[in-house]
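Note that the coordinates shown come from a computational prediction; the quantities given were computed from them, not determined experimentally.
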Amino acid sequence: MRIAGIIAEYDPFHTGHAWQLTRLRQLGAQYIVVCMSGPVVQRGTAALFPARARAAAAVAAGADLVLALPAPWACLSAEGFAAGGVAVLSALGCVDTLAFGAEHPDASGHRATAAALESPGFGEALRRALAGGRPFAAARAAAAEAVLPGTGALLAGPNDNLGVEYCKAILRQGSPLAPLALPRQGAQHGDTAPQGPQAGFASAGFLRAEYRRAGLEALAGWLPAEALELYRQAEAAGEMLDERAFGLAVLARLRGMGPERLAGTRGAGEGLDRRLAVALRTAGSLEGLYAGMKTRRYAHARLRRLALDAALGYTGALPALPPYLHVLAARRQALSLCKTARLPCGCSLARLAGQNAASAAVAAAEAAACDLAALCRHTPGPMGLCYTQKPLVM
């Protein structure tokens, strides 16, 4: 391993993430490249902590180069999120390893499960499992188990599941990245309290909940000192997300859309656009909207992502994979890594947008997410920041 890659949200960057960077150095990584979500995240909302502070925290803790995972892929399901991240890291042309945290830190199992999901018999097994009325995640695990015994259990862990999607994206894209599964430190994804083999580690979900409950200083024990200071500065500048404002802004956008526009939203098949339209008539909050759309078949996360896609105007016409590499933050010496890039690469989104039609479309989608998130900070920001904000070079 010479150059390691990580795909992450870092909302917020915490001590478990810092441990992962340190561990990669111990394993021989000369450079660490992070592909990070920006204004929106996979759970179908805007990031609670601003992207600039998260990228700076990663570099302060040991990352060398932070590239953007463009918004259209940052708010997709695990499959799309992984595909976008793998495409970005692979296109840099020099990253040889993809590292990720996992409940089962043995990448051979993730590779085998990914191959099973890509095998000819998986599609039919999945159709049979769905015909029985199971939710998609349970049907997928059952189908994988039918194709290759032992794989269903691996898909039960959220981090293992994402690791499998990384391996699947590597297979589909013919990527040279070698997967490296590291033991997840601290609380598991979604845990309501910190726990684990070492004190001071907690999940990002727990930290977001603590921030809402008790404020930033309550997180001090679970954040690197540099990250905490960066978040203090961001909070003082009013850059943290106002979640109530975000909910109202999304609902306002959705209420102004007619049935045709809702039907054109990415992922709106199977009648979901109609469920969204009906729920919008009475919903006074995003949680109320999701509750009005809920069915046994669809996970809550899918409904959140659908509503966000609709609000941002994301359709199926977007490119399948990111068409450029946008630098968010870097150590100065690491900028030389961009010389091997196989896609347009740079620090200016405005210049990247001018490369071709696909780049222009994705940059516009990124701007839509940035502008919505900027409006919903405690101190609302102006439009167009993603085109004018300079990268952090340390």
Side-chain angles (χ1 to χ4, degrees), residues 1-10 16-37 42 58 62-67 69 73-74 76-119 122 140-141 144-145 147-186 188-189 321-322 325 337 340 342:
M1 173 173 57
R2 178 174 174 268
I3 302 178
I6 297 171
I7 304 168
E9 291 183 342
Y10 290 161
H17 299 134
W19 175 89
Q20 188 181 59
L21 297 178
T22 299
R23 182 60 181 147
L24 288 174
R25 295 291 186 196
Q26 293 170 346
L27 292 173
Q30 298 174 33
Y31 290 96
I32 300 174
V33 179
V34 176
C35 177
M36 191 192 81
S37 302
Q42 200 191 2
D64 296 292
L65 180 65
V66 181
L67 302 174
L69 177 60
W73 291 270
L76 278 176
S77 66
E79 182 178 50
F81 176 89
V86 166
V88 167
L89 292 177
S90 301
L92 192 60
C94 58
V95 180
D96 53 63
T97 302
L98 172 58
F100 55 89
E103 290 87 359
H104 296 87
D106 179 3
S108 63
H110 300 87
R111 288 195 299 265
T113 303
L117 296 180
E118 292 293 280
S119 67
F122 176 74
R140 179 170 174 265
E145 185 69 21
V147 171
L148 183 63
T151 55
L154 194 65
L155 291 172
N159 295 283
D160 281 335
N161 182 64
L162 188 53
V164 169
E165 291 298 341
Y166 290 146
C167 291
K168 195 169 78 175
I170 288 171
L171 287 173
R172 286 184 173 181
Q173 297 175 27
S175 168
L177 299 177
L180 173 64
L182 298 173
R184 180 180 171 87
Q185 297 296 306
Q188 298 304 306
H189 177 83
L321 293 173
L325 308 180
L337 299 178
T340 61
R342 298 169 185 149

Note to self: As an exercise, state the distance from OH of Tyr31 to CZ of Arg25, rounded to the nearest 0.5 Å.
What the structure shows: 9.0 Å

Checklist line | Closest heavy-atom pair and its distance - Leu21, Ala58 | finding: CD1-O, 3.7 Å

Check: Can you name the ring pair (Phe, Tyr, Trp, His ring centres under 6.0 Å) partners of His17, sequence neighbours left out?
Finding: Tyr10, Phe13, His14

Notebook entry, point to check: Is any side-chain heavy atom of Gln30 less than 4.5 Å from a side-chain heavy atom of Ile3?
Noted result: no

Notebook entry, point to check: So, the side chain of Thr340 versus the backbone of Leu92: is there a donor-acceptor pair under 3.5 Å, distance only?
Noted result: yes

Item checked: Step-by-step side chain to side chain contact (heavy atoms under 4.5 Å, CB included) determination, Leu24 to Ile6 -> CA-CA 10 Å; Leu24 288 174; Ile6 297 171; 3.7 Å; yes

Check: What heavy-atom pair brings Cys167 and Ala114 nearest, and what distance separates the two atoms?
Finding: CB-CB, 3.6 Å

Notebook entry, point to check: Does any N or O in the side chain of Asp64 come within less than 3.5 Å of the main-chain N or O of Ile32, such that one atom is a donor and the other an acceptor?
Noted result: yes

Item checked: Sequence-distant partners of Arg140, salt bridge (Lys or Arg N to Asp or Glu O under 4.0 Å), two or more places apart -> Glu165

Margin query: Please verify the inter-ring angle class for Phe100 with Tyr166; under 30° counts as parallel, over 60° as perpendicular, anything in between as tilted.
Written below: tilted

Notebook entry, point to check: Does some side-chain heavy atom of Leu182 sit less than 4.5 Å from a side-chain heavy atom of Leu27?
Noted result: yes

Check: How far apart are the closest heavy atoms of Ala87 and Leu321, and which atoms are they?
Finding: CB-CD2, 4.0 Å

Next item on the list: Could you pull out the closest heavy-atom pair between Val34 and Ala63, with the gap in Å?
Entry: CG2-CB, 3.9 Å

Notebook entry, point to check: What's the spacing between Asp96 CG and Leu177 CG if we round to 0.5 Å?
Noted result: 8.0 Å

Margin query: Distance check, rounded to the nearest 0.5 Å: Glu118 atom CD versus Arg172 atom CZ?
Written below: 4.0 Å

Checklist line | CG on Leu89 to CG on Leu98, rounded to 0.5 Å | finding: 6.5 Å

Note to self: Restricting to side chain to side chain donor-acceptor pair (under 3.5 Å), what partner residues turn up for Ser90, sequence neighbours left out?
What the structure shows: Ser175

Item checked: Minimum heavy-atom distance between Pro179 and Ala107, given as atom pair plus value -> O-CB, 3.6 Å

Next item on the list: State, to 0.1 Å, how close Thr151 and Leu148 come at their nearest heavy-atom pair, and which atoms those are.
Entry: OG1-O, 2.7 Å

Note to self: Could you tell me if Gln20 and Arg23 have a donor-acceptor pair between their side chains, going purely by distance under 3.5 Å?
What the structure shows: no

Note to self: Let me confirm one number: the CE-CG distance from Met36 to Leu65, rounded to the nearest 0.5 Å.
What the structure shows: 11.5 Å

Check: How many angstroms lie between CG in Leu180 and CG in Asp106, if you round to the nearest 0.5 Å?
Finding: 10.5 Å

